[in-house]
There are 2 protein chains.
Amino acid sequence: MSTAEETAGGEREPWGEVAPDAARRLLVAAVEAFAERGYHATTTRDIAGRAGMSPAALYIHYKTKEELLHRISRIGHEKALEVLRTAAEREGGPAERLGSAVRSFVRWHAGQHTVARVVQYELDALGPESRAEIVALRRQSDAAVRGIIEEGVAAGEFTVTDVPGTTVAVLSLCIDVARWFKVNGPRTPDEVGALYADLVLRMVGAKH
Amino acid sequence: MSTAEETAGGEREPWGEVAPDAARRLLVAAVEAFAERGYHATTTRDIAGRAGMSPAALYIHYKTKEELLHRISRIGHEKALEVLRTAAEREGGPAERLGSAVRSFVRWHAGQHTVARVVQYELDALGPESRAEIVALRRQSDAAVRGIIEEGVAAGEFTVTDVPGTTVAVLSLCIDVARWFKVNGPRTPDEVGALYADLVLRMVGAKH
DNA sequence: TCCGAAGGTGAGCGATCGCTTAGAGTGCCC
DNA sequence: GGGCACTCTAAGCGATCGCTCACCTTCGGA
């Protein structure tokens with residue numbers, strides 16, 4: 001795998017684009033709190049406390065608690081989509097590209113599982129217009145995966161009868177990693193990614 | 001498939017064992033509310049209102065709001081485990097039994113997706129002792145699936161290198177159905193179950 | 001040297017939360 | 001008919017929530 005693939009999506013500096021410093025610290029604190037307790041169970045006092053600030057300081061940088069969730073969701077989804085696309089658009093046949101996409105996407109959901117948990121499981125807490133924006137990003141992930149599967153079927157490399165259904169299953173499998181992955185568990189994000197890439201290639205009946 | 005397999009887990013009368021009538025109505029209302037908005041975003045006034053009662057009536061039948069979630073989680077997990085085991089213990093080879101187990105388990109998570117959503121995604125809202133009880137039930141589901149896969153590998157019918165990892169992936173795939181399944185979507189619970197059974201048999205490299 | 005913008009705090013407002021209490025209605029057994 | 005257990009309601013308590021306001025500090029530029 002290439003170096004570009006490894007660092008795509010800013011896995012090293014997840015929130016480097018957020019400024020100023022206090023706003024970034026609040027956002028990082030919110031990600032931790034939301035991932036641990038969930039959006040509704042997290043208080044603004046808890047977020048501010050984790051960032052080493054008073055409760056009122058939060059409202060200098062963000063209008064509401066929901067805006068914090070919205071910013072986290074949008075940036076997180078964009079990172080995940082970037083990771084997926086970078087791997088999906090590399091050179092090679094459908095099997096190589098699907099395997100690479102799943103490996104990268106899963107590695108991101110495992111390695112950044114706190115962000116991923118918020119991004120994937122707290123969507124309902126957003127208002128209608130914010131949620132619509134995020135759903136649009138999600139559809140692009142779906143289209144990217146479905147595109148490779150369709151290509152593989154057309155090229156005779158995959159044997160899939162229900163392409164939309166298999167696409168949903170593949171994405172569901174990858175996303176749910178964020179729910180069960182534990183940092184102190186028996187597997188590294190890399191190992192889970194490799195396992196899942198193999199499983200998905202079996203699901204689409206890839207010839208090897 | 002057998003009639004026993006179709007009705008296992010009380011898919012027709014999900015809360016028939018809960019008495020008296022008012023307690024069951026409150027529990028059904030809580031399932032709906034928790035599934036729609038999440039545990040922490042649901043108020044006791046909302047639950048009582050859906051059941052057509054005053055807020056205070058809730059505390060005649062349940063000590064706290066958390067006890068309601070605990071009861072829902074325990075009963076729901078027991079139903080899901082019963083569905084899984086009934087299908088897993090039927091006659092036939094590993095491939096037939098794994099396919100049957102996945103089909104039934106997925107059909108339950110799709111058909112009872114409101115219950116399943118609460119049961120699978122609101123676990124963190126439970127206290128330590130309640131959560132431990134539920135986690136124990138979940139381990140039994142894991143053991144049931146892993147058992148079949150190990151059997152299939154031993155019999156030379158499956159080709160799986162990482163049995164625990166594949167088991168986690170299979171269960172994750174099935175459980176996450178509760179998150180994305182929509183009643184008015186393009187597929188019935190039966191259809192999703194059939195699709196997923198096929199996908200899982202491919203994942204384990206079942207010979208056919 | 002003075003000033004205004006920017007970033008921060010302590011105190012607290014109005015609303016709403018989970019939950020409790022006092023008492024009323026109902027049916028069943030003697 | 002009287003007593004009692006059970007079920008439910010109206011009212012509201014104390015705590016905590018998201019968020020606001022008045023005020024303080026810091027600092028770069030004219």
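So that the names make sense, note that chain A is the first sequence line, chain B the second, and so on, each numbered from 1. Atoms considered below: every heavy atom in the structure, side chains included; atoms not considered: hydrogens, waters and symmetry mates.
A:Asp162 has a carboxylate O that lies under 4.0 Å from a charged side-chain N of B:Arg187, or vice versa, which qualifies the two as a salt bridge. Comment: B:Arg37 does not engage A:Asp124 in a salt bridge, judged by the lack of any side-chain N to carboxylate O separation of less than 4.0 angstrom. A salt bridge is absent between B:Asp142 and B:Arg138; no separation between the charged side-chain nitrogens and carboxylate oxygens falls under 4.0 Å.
Non-hydrogen atoms lying under 4.0 Å from DNA chain C are contributed by nothing in residues 127-134 of chain A. The stretch residues 49-61 of chain B touches DNA chain C through B:Ala56, B:Tyr59, each having a heavy atom within less than 4.0 Å of the strand. Only A:Arg45, listed by number, bring a heavy atom of residues 26-46 of chain A to less than 4.0 angstrom from any atom of DNA chain C.
Listed by chain and number, the residues in a salt bridge (charged side-chain N to carboxylate O under 4.0 Å, His left out) with A:Glu36 are A:Arg50 (sequence neighbours excluded). In this structure B:Glu67 satisfies the salt bridge (charged side-chain N to carboxylate O under 4.0 Å, His left out) test together with B:Arg71, sequence neighbours excluded. Residues forming a salt bridge (charged side-chain N to carboxylate O under 4.0 Å, His left out) with B:Arg131 (at least two apart in sequence, or on another chain): none. By the side-chain hydrogen bond (donor to acceptor under 3.5 Å, both in side chains) test, A:Arg45 pairs with no residue at all, sequence neighbours left out. In terms of the side-chain hydrogen bond (donor to acceptor under 3.5 Å, both in side chains) criterion, residue partners of A:Glu151 (sequence neighbours excluded) are, by chain and number, A:Arg97. Checked against side-chain hydrogen bond (donor to acceptor under 3.5 Å, both in side chains), A:Glu191 has no partners two or more places apart in sequence or in another chain.
Proximity of a side-chain donor or acceptor of A:Lys79 to a complementary backbone N or O of A:Trp108 within less than 3.5 Å is not detected. Checking side-chain atoms of A:Lys63 against main-chain N and O of A:Leu68 turns up no donor-acceptor pair under 3.5 Å.
Here the side chains of B:Val163 and B:Val160 are in contact, with some heavy-atom distance below 4.5 Å.
Side-chain contact annotation: B:His40 with B:Glu122, donor-acceptor N/O pair under 3.5 Å absent. Judged by distance alone, the side chains of B:Arg117 and B:Gln112 never bring a donor and an acceptor atom under 3.5 Å apart.
Recorded end-axis angle for the helix from C:dT1-D:dA30 to C:dC30-D:dG1 stands at 10°, based on five pairs per end and rounded to 10 degrees.
Extent of DNA chain D lying under 4.0 Å from chain B heavy atoms, first and last nucleotide in 5' to 3' order, is D:dC8 to D:dG12.
Each side chain to side chain donor-acceptor pair (under 3.5 Å) pair with one or both residues in residues 166-180 of chain B, not counting sequence neighbours, appears once here: A:Ser172-B:Asp176, A:Asp176-B:Ser172, B:Tyr121-B:Asp176, B:Asp176-B:Arg179.
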